[in-house]
Amino acid sequence: MLDIKIVREDPEKVKRALKDRNLEFDLSHILDIDDGRRALIKKVEDLRAEKNRLAKEVPIAQKEGKDIGELVAESKEVGEHLKHLDGLLKEHEEELAEKIAEIPNIPADGVPVGESEEDNVEIRTWGKQPDFEFEPKGHWDIGTDLGILDFERGAKVTGARFTVTVGAGARLERALMNYMLDMHTGEHGYKEVFPPILVNEDSLFATGQLPKLREDMYAVTDDLFLIPTAEVPVTNLHRNEIIPAGDMPIKYVAYSPCFRREAGSYGRETRGLIRQHQFNKVEMVRFVEPDNSPTAHEELTAQAEAVLQGLGLAYRVVELCTADLSFAAAKCYDLEVWMPGMGGYVEISSCSNFSDFQARRSNVRFKGGDGKTRYPHTLNGSGLAIGRTVAAVLENYQRQDGSVSIPPALVEYMGNSTIIAAQG
RNA sequence: GGAGAGGUGGCAGAGUGGUUGAAUGCGGCGGUCUCGAAAACCGUUGUGCGGGUAUUCCCCGUACCGAGGGUUCGAAUCCCUCCCUCUCCGCCA
């Protein structure tokens with residue numbers, strides 16, 4: 001959520017941001033509501049002051065044995081007027097809150113302006129794409145042939161885009177989860193949390209999924225939703241809190257399953273593990289002081305990259321342009337892993353700086369060293385999406401005989417196996 | 001799911017209609033004292049919004065005692081709905 005003061009004081013900046021995102025938005029309407037709202041606040045508070053004054057006079061007059069009839073009558077009159085204006089004010093405030101919640105975050109300075117994902121900018125690449133002396137297979141074929149990915153039974157048990165991992169496949173999923181969590185807790189200083197995977201609407205509003213992306217999520221009974229990412233529960237851990245000075249910065253890492261309806265995406269990347277309705281992910285979330293967020297963002301991105309490097313997977317880092325930036329993000333790097341079987345790069349991590357956008361929506365503040373209360377900046381990044389990592393390992397480490405060698409870093413997590421052979 | 005109790009400032013804990021943003025204690029911050037520290041004593045102690053010839057320290061108004069409504073001239077105090085916590089029972093991985 002943007003600060004209404006910024007919209008009021010620097011509407012040109014907001015207009016530019018919206019234009020860069022290729023959005024049409026009527027700011028003048030918002031400013032009109034805000035003007036009306038502030039005028040009403042003044043009137044309402046003056047009336048309230050008057051009413052408070054009268055109410056205080058009543059017991060005094062009573063003590064002095066005076067007639068309070070006139071005071072009461074006057075107070076009643078003020079009360080009527082107040083009630084009317086208060087109702088109007090409430091309407092203004094609700095409309096303003098609704099409108100301002102629909103404005104996306106302002107892109108950070110330096111974010112490339114673009115019209116579509118075509119305009120994203122490659123920042124760097126890492127690693128060497130493996131050479132094969134044979135035609136590399138897609139991970140769906142590798143996994144199916146080895147008996148470690150079962151797409152058909154996943155579809156039977158639940159439906160399309162649900163997959164069962166079996167034997168060494170299931171173990172690989174678990175190994176990756178532990179490998180990533182161990183790295184981020186052990187080497188990068190994150191505190192591990194294991195959050196609820198059902199969240200309420202307030203939490204989804206705070207991180208920016210609601211109101212816009214309702215259709216992309218699974219709603220269950222009791223007004224709860226399955227989380228699309230651990231970002232939601234973890235970022236909401238401190239909703240409506242003031243973080244004490246000594247507790248900043250905060251670094252959380254969480255494993256969670258993620259659920260996405262992927263409404264409207266049918267037909268795109270449907271094969272294999274790339275676009276599932278349920279997948280596992282390890283997510284890093286940070287709360288930092290505003291000045292530190294650009295540095296923290298680079299650091300967080302490097303920490304996600306460290307996982308790919310540890311696994312020996314070639315990848316590239318792409319900075320999203322204004323058109324591709326998500327609603328709440330001010331700046332975002334995508335990590336795209338090389339998939340030899342698919343013959344292309346696939347997004348495996350998204351590392352974003354949300355500036356104070358989510359903090360405002362969730363009303364998280366922190367006490368600075370100077371004793372002032374301010375909004376922190378929030379950041380998060382996948383470290384990594386596990387399903388896609390399984391796919392990447394299978395494709396990059398496949399061998400001519402159909403088996404898959406296990407990346408050295410994962411051997412200890414795979415019961416010291418070095419190879420995945422066909423399952424019995 | 002049933003029965004009961006309860007949600008007050010960082011914490012503990014008063015406060016059942018009247019000048020209460022809220023006693024008291026602890027904690028925190030500042031100071032006095034001390035070579036220094038402790039103790040003692042004194043002072044101070046939240047958040048949001050609006051306004052102000054205040055714009056890195058201020059002043060005025062207003063709101064906030066789980067949330068939202070209601071009664072009243074006036075509500076932390078009374079009424080209603082919801083949420084949460086605790087105890088006991090039931091059920092249960």
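Quick note: numbers below take in every heavy atom, side chains included, and nothing from hydrogens, waters or symmetry partners. The chains referred to below are lettered A, B, ... by the order of the sequence lines, with proteins before strands, and numbering in each begins at 1.
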- [ ] Using salt bridge (charged side-chain N to carboxylate O under 4.0 Å, His left out) as the criterion, list what pairs up with A:Arg16, not counting sequence neighbours.
- [x] none

- [ ] For A:Arg53, check salt bridge (charged side-chain N to carboxylate O under 4.0 Å, His left out) against everything at least two apart and list the hits.
- [x] A:Glu50, A:Glu57

Per [X] side chain, nearest of listed nucleotides [options]:
X	options	answer
A:Lys51	B:U62, B:G48, B:G74	B:G74
A:Lys5	B:U47, B:C73, B:C49	B:C49
A:Lys76	B:A63, B:G48, B:C73	B:C73

Hey, can you tell me if [X] and [Y] have their rings parallel, tilted or perpendicular (30° and 60° cut-offs)?
X	Y	result
A:Tyr255	A:Phe194	tilted
A:His184	A:His188	tilted
A:Phe162	A:His277	tilted

Between [atom2] of [N] and [atom1] of [X], the distance in whole Å:
X	N	atom1	atom2	answer
A:Asp86	B:G69	CG	C1'	13 Å
A:His81	B:C73	NE2	C1'	18 Å
A:Asp3	B:G48	CG	C1'	12 Å
A:Lys83	B:G69	NZ	C1'	11 Å
A:Lys90	B:G70	NZ	P	7 Å
A:Leu85	B:G50	CG	C1'	15 Å

- [ ] Respond yes when some side-chain nitrogen or oxygen of A:Asn52 is under 4.0 Å from OP1 or OP2 of B:G61, and no when none is.
- [x] no

Open item on the list: Give me the atom names and distance for the closest heavy-atom approach of A:Phe357 to A:Leu2.
Closed with: CE1-N, 4.1 Å

Task: Minimum heavy-atom distance A:Phe327-A:Ala101, with the two atoms named - done: CZ-O, 3.3 Å

Open item on the list: Expected output is a numbered-order residue list: members of residues 91-105 of chain A with a heavy atom under 4.0 Å from any atom of RNA chain B. What is it?
Closed with: none

Open item on the list: With the threshold set at under 4.0 Å for non-hydrogen atoms, list the residues of residues 30-49 of chain A touching RNA chain B in residue-number order.
Closed with: A:Arg37, A:Arg38, A:Ile41, A:Glu45, A:Arg48, A:Ala49

Task: Spatial distance of atom CG (A:Leu54) from atom NZ (A:Lys76) [nearest 0.5 Å] - done: 13.5 Å

- [ ] Drop me the distance from A:Arg174's CZ to A:Asn280's CG, to the nearest 0.5 angstrom.
- [x] 12.0 Å

Open item on the list: I'd like to know whether A:Gln303 forms a side chain to side chain donor-acceptor pair (under 3.5 Å) with A:Glu187, so could you lay out the CA-CA distance, the side-chain angles of the two residues, the decisive distance to 0.1 Å, and finally the verdict.
Closed with: CA-CA 9 Å; A:Gln303 287 160 347; A:Glu187 293 172 32; over 6 Å; no

Open item on the list: Partner lookup for B:A67, please. Criteria are Watson-Crick or G-U wobble with both distances under 3.5 angstrom; report none if nothing qualifies.
Closed with: B:U81

Open item on the list: Filter on side-chain hydrogen bond (donor to acceptor under 3.5 Å, both in side chains), then keep only pairs touching residues 18-27 of chain A, sequence neighbours left out; what's left?
Closed with: A:Asp26-A:Ser28

- [ ] Let me have a per-nucleotide readout for nucleotides 17-23 of chain B, 5' to 3', with B, S or -, counting only protein heavy atoms under 4.0 Å.
- [x] -BB----

